[in-house]
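Remember, it's a predicted structure, so these values are computed and weren't measured experimentally.
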Amino acid sequence: MATLSEIVLIAAVIAAGLIAGLFYAYTCSVMPGLGRADARTYVTGMREINIAILNGWFALGFGGAPLLAAVAAALHFRSEPRSALPWIVAGFVLLLVMLIVTMAINVPLNNALEAGFDGDNTDFEALRAKFEGAWERWNLVRTLAAIGGFGALVGGLIAHVRA
């Protein structure tokens, strides 16, 4: 029978995989696809995506992955052997980086995009120019952090199983 620490670690791996996959999909398909569109379509598309993504399913992966990784680390800290602990802590730190980058950079850029939108009076080219490059660079950073966090948690799960 699985222990609480195993269940939480498995849940952390799943949540991290989901959020890493979401950000990976943005990096390799959503943003390149929007990048091929005209400025009006790009800005409108990003606005609609920013609205649609604020839902419980997104919250489960985005907030759940680092939270579950932190709980898994705490549970593994108290157990023996601790061979999984360095992996889990690394996963937590990387997922925390993903969370911080998103909240400190991507969300303010999203908010600035929304604030600059004024219906048909919007200068779509200028708004896109202020947003696109910075948002995509930092999206890549958070994507790599999320993938690294997922990989580290998988390493922790493997170490836990082998212990």
Handout entry: Lys/Arg-Asp/Glu bridge criterion (N-O < 4.0 Å) met for R40, D123
Key = no
Exercise for the section: For the pair F124 and Y42, evaluate side-chain contact (heavy atoms from CB on, under 4.5 Å) and give the outcome as yes or no after the intermediate values. Expected result: CA-CA 8 Å; F124 291 99; Y42 181 94; over 6 Å; no
Could you pull out every donor-acceptor pair under 3.5 Å between side chains of residues 10-26 and any protein atom, sequence neighbours left out?
none

Handout entry: Qualifying residues under side chain to side chain donor-acceptor pair (under 3.5 Å), relative to N55, sequence neighbours excluded
Key = none
Practice task
Please confirm whether the backbone N or O of F77 pairs with a side-chain atom of R82, one donor and one acceptor, at under 3.5 Å?
Solution key: yes
Handout entry: Heavy atoms from other residues, nucleotides or ligands near CD of E114 exceed 12 (cutoff 6.0 Å)
Key = yes
Handout entry: Nearest atoms (heavy-atom pairs only) where N110 meets M46
Key = OD1-CE, 4.4 Å
Exercise for the section: Could you pull out the closest heavy-atom pair between L34 and T41, with the gap in Å? Expected result: CD2-O, 4.3 Å
Exercise for the section: Would you please name every residue forming a side chain to side chain contact (heavy atoms under 4.5 Å, CB included) with S5, sequence neighbours left out? Expected result: T3, L75, H76, H160
Handout entry: Heavy-atom pair with the smallest gap, counting every atom of S83 and A159
Key = OG-O, 3.5 Å
Exercise for the section: Would you kindly say whether R47 and N50 are connected by a side-chain donor-acceptor distance under 3.5 Å? Expected result: no
Exercise for the section: Assess whether side-chain contact (heavy atoms from CB on, under 4.5 Å) is satisfied between N139 and R137, documenting all intermediate values. Expected result: CA-CA 5 Å; N139 182 63; R137 278 188 301 278; over 6 Å; no
Exercise for the section: Check step by step if side-chain contact (heavy atoms from CB on, under 4.5 Å) holds for F150 and M98. Expected result: CA-CA 11 Å; F150 170 68; M98 173 271 307; over 6 Å; no
Handout entry: Closest non-hydrogen atom pair between T102 and P108, with its separation
Key = O-CD, 4.2 Å
Problem - Residue from V154, V71, L153 passing side-chain contact (heavy atoms from CB on, under 4.5 Å) with L9 - result: L153
Problem - Spatial distance of atom CD1 (I147) from atom CG (L94) [nearest 0.5 Å] - result: 11.0 Å
